[in-house]
Amino acid sequence: MVRLKQRADFLAAASGTKVATAAFVLQGRWRGDAGPARIGFTVSRKVGTAVERNRVRRRLRDVVRRSAADGLRAGCDYVLVGRRTALSRQFDQMIEDFGNALRRIERGARKPGR
RNA sequence: UCAGUCGGCCGGACGGCCGCUCCGGCAGGGACCGAAAGGUCGCCGGGGAGGAAAGUCCGGGCUCCACGGAUCAACGGUGCCGGAUAACGUCCGGCGGGGCCCAGCCCUUCGGGGCGACGCUUCAGGGAAAGUGCCACAGAGAACGAACCGCCGCGGCACGUAGCGUAUCGUCGCGGUAAGGGUGAAAAGGUGCGGUAAGAGCGCACCGCGCCGGCGGCAACGUCGGCGGCACGGCAAACCCCACCGGGAGCAAGACCGAAUAGGGACGGCACGGGAGCAAUCCCGGGAUCGGUCCGGAUCUCGCCGUCCGGGUAGGUUGCUUGAGGCGCCGGGCAACCGGCGUCCCAGAGGAAUGGCCGUCACGCGUGCGGUUCUCCGCGCGCUCUACAGAACCCGGCUUACAGGUCGGCUGAUACG
RNA sequence: GGCCACGUGGCGGAGUGGUUACGCAACGGUCUGCAAAACCGUGUACCCCGGUUCAAUUCCGGGCGUGGCCU
């Protein structure tokens with residue numbers, strides 16, 4: 001899994017297509033080159049203490065890792081913004097949420113033409 | 001055995017599947033990203049959050065800046081004494097003060113009041129006779145002490161009671177007085193006896209306070225004796241004085257590598273800021289330097305292209321974990337702690353690893369059913385299945401948060417001997 | 001990670017060791033046919049816990065919260 005690390009990449013992804021689910025918000029942006037898909041995670045301080053924020057990020061990371069082969073398109077950047085419900089939501093449920101969100105990103109990214 | 005309190009220690013265990021990161025070893029050949037610096041991608045073995053990692057409240061190491069060194073001033077901090085320590089506002093031991101309990105002693109109008117060994121507990125605990133300042137309201141008076149009501153004496157008035165020169169009461173004036181009332185957070189040594197017109201350290205006893213001296217102790221201080229009759233209210237977490245300590249910033253410190261773009265410098269070529277004018281020249285701007293500053297002035301300069309150079313931003317590498325280190329034994333010390341010997345290497349991330357999912361068990365909590373006088377026992381279900389909480393350069397402390405377990409001390413209750 | 005400020009009624013915002021200004025808002029009244037404006041009046045606060053002091057919102061210590069800077 002290639003991670004997003006630069007602040008500028010996060011800001012660019014935030015301007016792309018967004019899909020909200022119960023445990024996270026998925027942001028996607030087509031980067032325009034042939035490199036591998038990159039994933040970034042954002043968990044703000046509003047979510048909770050450092051322990052809870054770490055746990056949210058780790059669970060989301062494993063959600064992506066378990067379904068990475070499925071819907072990720074090369075040349076795209078994705079950012080998952082964690083929410084507090086990611087602490088307690090069923091893990092299988094979150095994997096399903098992620099798949100659905102990816103398909104909606106696909107349609108949404110094509111429709112406006114960018 | 002149970003409960004409370006204080007202190008120390010621990011703070012889930014085992015297993016399966018899939019991952020992350022660092023170190024060592026083996027391969028050392030390529031592939032990918034990037035303009036470069038550099039980074040990513042194998043196999044095997046091993047390591048991988050805390051007692052608070054937290055708050056950032058103190059003290060250091062380390063790094064840079066300033067600096068020849070020292071002293072003083074300013075500012076900030078600390079504040080009984082001794083010790084521990086690299087250092088500290090921390091820790092240990094002692095001293096002193098306050099509070100509680102109380103053996104006992106003293107006084108008593110027999111109601112009570114004062115002192116108080118030992119014990120428990122608590123204290124940011126230098127100096128208020130160097131100075132300045134403050135002490136609201138109430139109260140007569142709040143800090144070179146003060147007469148409101150009182151109390152007492154003397155004198156005048158009035159002669160009402162009594163009575164024939166005095167007593168008592170009333171009133172006015174002068175004086176004495178800190179016993180009593182009242183105000184207040186605080187009223188100028190306390191209690192008792194004597195004393196007195198009434199009172200008063202006026203005198204005495206005990207206690208308190210101050211000064212001097214002896215003795216004990218490294219010291220803080222204690223104790224004994226004498227003197228003073230009391231002169232010295234509180235606040236320094238008010239200014240301040242005294243003693244001691246402190247240069248400033250912080251790993252986003254700092255070091256190295258280093259684009260793109262803009263800007264700087266040097267050299268070369270063309271051109272010589274804008275306007276008027278054929279031109280000399282005049283007018284209007286911008287920038288730099290000079291004189292301490294402003295105004296004013298003087299001098300130099302202004303564009304384009306190319307090559308090279310240095311600083312430096314993004315980014316990357318490093319700093320980055322062996323340290324006032326852990327564990328064990330022995331020795332010293334009341335203790336904090338110190339010394340010696342042996343042994344071990346024990347997280348190093350960087351949009352940030354140390355995990356995700358699942359199973360079994362232990363424990364706890366909640367709940368239901370059954371047994372049971374209760375305590376409790378058995379079974380089932382639920383819990384993010386665990387409290388507080390996540391290293392960010394590293395140590396020593398402090399403070400704050402914390403389910404539960406365990407060990408020891410003390411106090412109390414109950415049962416048995 | 002580090003550094004630094006600030007918490008005063010519903011909101012903004014002064015101030016001080018001794019009963020906290022002021023403005024807006026709210027409520028009640030006067031005025032009006034009804035309202036607005038104007039005028040009069042009322043209520044509501046010193047973030048929390050300890051300490052110093054006779055007395056703390058103020059001084060000191062600790063906690064909690066909010067905001068800013070260093071990139």
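Everything numeric here is computed off the predicted structure, so don't read it as measured data. Residue numbers start from 1 in every chain, and the chains themselves are labelled A, B, ... in the order their sequence lines are given, proteins ahead of strands.
Taking the C1' atom of each, B/G315 and B/A260 are spaced 12 Å apart, rounded to whole Å.
Spacing between atom CG of A/N54 and atom P of B/G48 amounts to 20 Å, rounded to whole angstrom units. When rounded to the nearest whole Å, the span between CZ of A/F98 and P of B/G356 equals 19 Å. Across the protein-nucleic acid pair, A/L60 atom CG and B/A353 atom P stand 13 Å apart, rounded to whole Å. Look at CZ on A/R59: it is 15 Å from P on B/G355, rounded to the nearest Å. Nucleotide B/G390 holds its P atom 13 Å from the CZ atom of A/R57, rounded to whole Å.
Partners of A/D92 according to the side-chain hydrogen bond (donor to acceptor under 3.5 Å, both in side chains) rule, which considers only residues two or more places apart in sequence or in another chain, do not exist here. Listed by chain and number, the residues in a side-chain hydrogen bond (donor to acceptor under 3.5 Å, both in side chains) with A/R57 are A/N54 (sequence neighbours excluded). Checked against side-chain hydrogen bond (donor to acceptor under 3.5 Å, both in side chains), A/R84 has the following partners two or more places apart in sequence or in another chain: A/E52. With sequence neighbours left out, A/R89 forms a salt bridge (charged side-chain N to carboxylate O under 4.0 Å, His left out) with A/D97.
For RNA chain B, the residues of residues 82-91 of chain A within the heavy-atom distance limit of 4.0 Å (strictly under) are A/L87, A/F91, sorted by number.
Looking at heavy-atom distances under 4.0 Å, A/R58 makes contact with a base.
Of the possible polar contacts, none joining the A/T17 side chain to the A/I105 backbone as a donor-acceptor pair under 3.5 Å is found.
Regarding the sugar-base torsion, B/G248 falls in the anti class, its angle being beyond 90° of 0. B/G51 adopts a syn glycosidic conformation, its chi angle falling within 90° of 0.
Here the rule is salt bridge (Lys or Arg N to Asp or Glu O under 4.0 Å) with A/D62, and of A/R65, A/R58, A/R59 only A/R65 fits it.
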Under 3.5 Å, which protein N or O atoms sit close to an N or O of nucleotides 18-20 of chain B? Give each pair with its distance.
from, atom 1, to, atom 2, distance (Å)
B/C18, O2', A/R65, NH1, 2.7
B/C18, O2, A/R65, NH2, 3.3
B/G19, O4', A/R65, NH1, 3.3

Would you sort out whether A/T42 and A/L80 count as a side-chain contact (heavy atoms from CB on, under 4.5 Å), showing the intermediate values? CA-CA 6 Å; A/T42 296; A/L80 274 86; over 6 Å; no

